[in-house]
2 protein chains.
Amino acid sequence: MKIDAIDLKILTVLQQDGRVSNQDLAEQVFLSPSACLRRVRALEESGMIARYIALLDATAFGLEVDSFVQVTMRRDVEHWHENFTAALQSWPEVVGSYIITGEANYLLRVRARNLKHYSSFVLEKLYKTPGVLDIRSNIVLQTLKDTQMLAPELLMGEAGVNG
Amino acid sequence: MKIDAIDLKILTVLQQDGRVSNQDLAEQVFLSPSACLRRVRALEESGMIARYIALLDATAFGLEVDSFVQVTMRRDVEHWHENFTAALQSWPEVVGSYIITGEANYLLRVRARNLKHYSSFVLEKLYKTPGVLDIRSNIVLQTLKDTQMLAPELLMGEAGVNG
DNA sequence: GCTGAAAGTCGGCACCT
DNA sequence: AGGTGCCGACTTTCAGC
């Protein structure tokens with residue numbers, strides 16, 4: 001599927017305001033509502049727009065701790081990867097988990113209400129998972145940028161941009 | 001502001017589908033549309049719901065590289081933090097940046113079209129920033145979980161949940 | 001604080017350019 | 001491809017419970 005400059009503009013707007021009305025969106029990209037809606041539907045059906053979500057403010061709920069945790073596994077435990085992966089999905093504190101290159105095997109993003117909650121997560125859940133050898137916690141002291149935004153400059157140069 | 005079990009349900013639904021219609025939402029939480037809408041507006045105005053966004057599928061745009069980059073700075077350069085922070089905001093490849101505890105000073109989440117693009121970002125942008133001493137790239141090989149979802153269990157126990 | 005109805009607005013479709 | 005117009009559905013407000 002080919003996307004042009006107007007599609008890029010639509011994607012930019014929707015990434016900033018997922019609930020913008022089709023009429024407003026159409027105005028911003030200088031299109032009629034029907035033409036605009038057709039493009040949005042095409043972007044959704046092609047999978048380029050994956051989904052729409054509400055973002056909550058973690059601090060408003062008293063979630064004080066945000067962290068990145070590097071996890072190293074030992075390989076002498078059976079089904080260590082399957083067990084660990086399944087556990088990750090079930091733990092609400094884990095909002096992201098990735099297999100990465102480098103010294104650790106996994107990188108987790110973990111949120112907790114406070115340090116006590118965080119501590120109990122690490123000791124009672126993470127460390128008790130068979131195969132977990134080493135855990136390195138990197139607590140977030142300050143968030144400078146935290147966005148899901150894929151800027152037009154990033155999207156361009158691929159997927160056949162015309163305009 | 002106090003939230004109850006119905007608010008938690010509303011937040012859970014909206015975090016999964018930010019464009020759900022008020023009528024559907026009202027049905028799911030067993031409320032009339034007008035009562036439901038009033039709760040949603042209250043959650044928005046209190047700041048608990050920060051915003052609504054569209055999530056794009058990075059792979060659909062050919063963004064092959066996802067990574068976490070640990071950056072260590074030297075302190076003998078003037079305004080190193082201010083300069084670096086400003087640069088981070090302007091680089092589209094950087095979708096997240098955090099000051100963390102541990103060995104590195106910053107953790108960045110960086111997205112790029114391919115390894116060539118990634119390499120040029122690290123060499124031409126990151127390394128050329130005054131004060132950058134060491135860079136450790138952790139390329140994401142597999143994404144097991146990547147969500148912004150704050151589960152009800154996480155939100156509970158704070159903000160005075162009643163029901 | 002919830003319900004129900006009324007009014008304004010929007011999304012979705014058919015049709016034309 | 002994009003634009004116009006119409007109809008049904010939805011959002012939103014307000015009176016009443």
Side chains of B/Tyr106 and B/Ile99: closer than 4.5 Å at any heavy-atom pair?
-> yes

Which residues within residues 23-42 of chain A lie with some heavy atom under 4.0 Å of an atom in DNA chain C?
-> A/Gln23, A/Ser34, A/Leu37, A/Arg41

Just report the end-to-end axis angle for the helix from C/dG1-D/dC17 to C/dT17-D/dA1, five pairs per end, to 10 degrees.
-> 30°

Can you tell me how far C1' of C/dG1 sits from CD1 of B/Ile10, to the nearest Å?
-> 13 Å

B/Tyr98 side chain near A/Asn138 side chain, heavy-atom distance below 4.5 Å | no

Does A/Glu78 CD have over 12 foreign heavy atoms under 6.0 Å away?
-> no

Take atom CG of B/Asn22 and atom C1' of C/dG4, then tell me their distance rounded to the nearest Å.
-> 15 Å

With sequence neighbours excluded, tell me which residues meet ring-ring contact (aromatic ring centres under 6.0 Å, His included) with B/Tyr52.
-> none

Carboxylate-amine/guanidinium contact B/Asp134 B/Arg74, below 4.0 Å | no

Once you round it to whole Å, what is the distance between P of D/dT11 and CZ of B/Arg19?
-> 11 Å

Starting at NZ of B/Lys2 and ending at C1' of C/dG1, how long is that distance when rounded to a whole Å?
-> 16 Å

Determine whether the side chains of A/Glu64 and A/His117 contain a donor N or O and an acceptor N or O closer than 3.5 Å.
-> no

Quick one: does B/Ile10's side chain get under 4.5 Å of B/Gln28's, heavy atoms only?
-> no

Take atom CZ of A/Arg136 as the centre, draw a 6.0 Å sphere, and report whether it contains more than 12 heavy atoms from other residues, nucleotides or ligands.
-> no

